[in-house]
Asker: 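One structure, pasted below without further comment.
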Amino acid sequence: MQTKKIALYVVVVFVLYTIINSPARAADLVQVGFEGISSAAQAVGEFMSELVN
């Protein structure tokens, strides 16, 4: 359990460091992440629609 907590703290510190150091790059990464999630959701929706038809 301690390992998970330490890993979470490391990730949080890294994210905060990235945001503070390079906000434009952090915004780009967030945008890419949301585009990926959106594409995946759209693909699942299309798959389900084809499955029903």
Side-chain angles (χ1 to χ4, degrees):
M1 194 63 174
Q2 282 292 82
T3 306
K4 285 185 180 181
K5 193 179 281 189
I6 291 170
L8 180 63
Y9 287 140
V10 168
V11 168
V12 168
V13 168
F14 175 73
V15 168
L16 290 175
Y17 173 77
T18 302
I19 291 171
I20 292 169
N21 224 16
S22 178
R25 177 73 175 139
D28 289 343
L29 291 174
V30 169
Q31 182 179 3
V32 167
F34 280 123
E35 286 175 359
I37 292 169
S38 175
S39 296
Q42 185 178 7
V44 168
E46 289 176 5
F47 174 74
M48 292 297 181
S49 294
E50 290 298 319
L51 211 62
V52 171
N53 291 333

Asker: Output all residues satisfying side-chain hydrogen bond (donor to acceptor under 3.5 Å, both in side chains) with Q31, sequence neighbours left out; order by chain, then residue number.
Answerer: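 Checked Q31 against side-chain hydrogen bond (donor to acceptor under 3.5 Å, both in side chains); matches are E35.
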Asker: Identify all side-chain donor-acceptor contacts of residues 40-49 below 3.5 Å with residues at least two apart in sequence or on another chain.
Answerer:
unit_1	atom_1	unit_2	atom_2	d
S49	OG	G45	O	3.0

Asker: Could you measure the distance from the CG atom of L8 to the NZ atom of K5? Nearest 0.5 Å is fine.
Answerer: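 Atom-to-atom, L8:CG and K5:NZ are 9.5 Å apart.
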Asker: Which Ile, Leu, Val, Met, Phe, Trp or Tyr residues join I19 in one cluster when any pair of side-chain heavy atoms under 4.5 Å counts as a link?
Answerer: V11, V15
Asker: Are any side-chain N or O atoms of T18 and backbone N or O atoms of F14, one a donor and one an acceptor, separated by less than 3.5 Å?
Answerer: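 Flag set: sc T18 to bb F14 pair under 3.5 Å.
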Asker: Could you state the interatomic distance from CZ (F34) to OG (S39), rounded to the nearest 0.5 Å?
Answerer: 13.0 Å
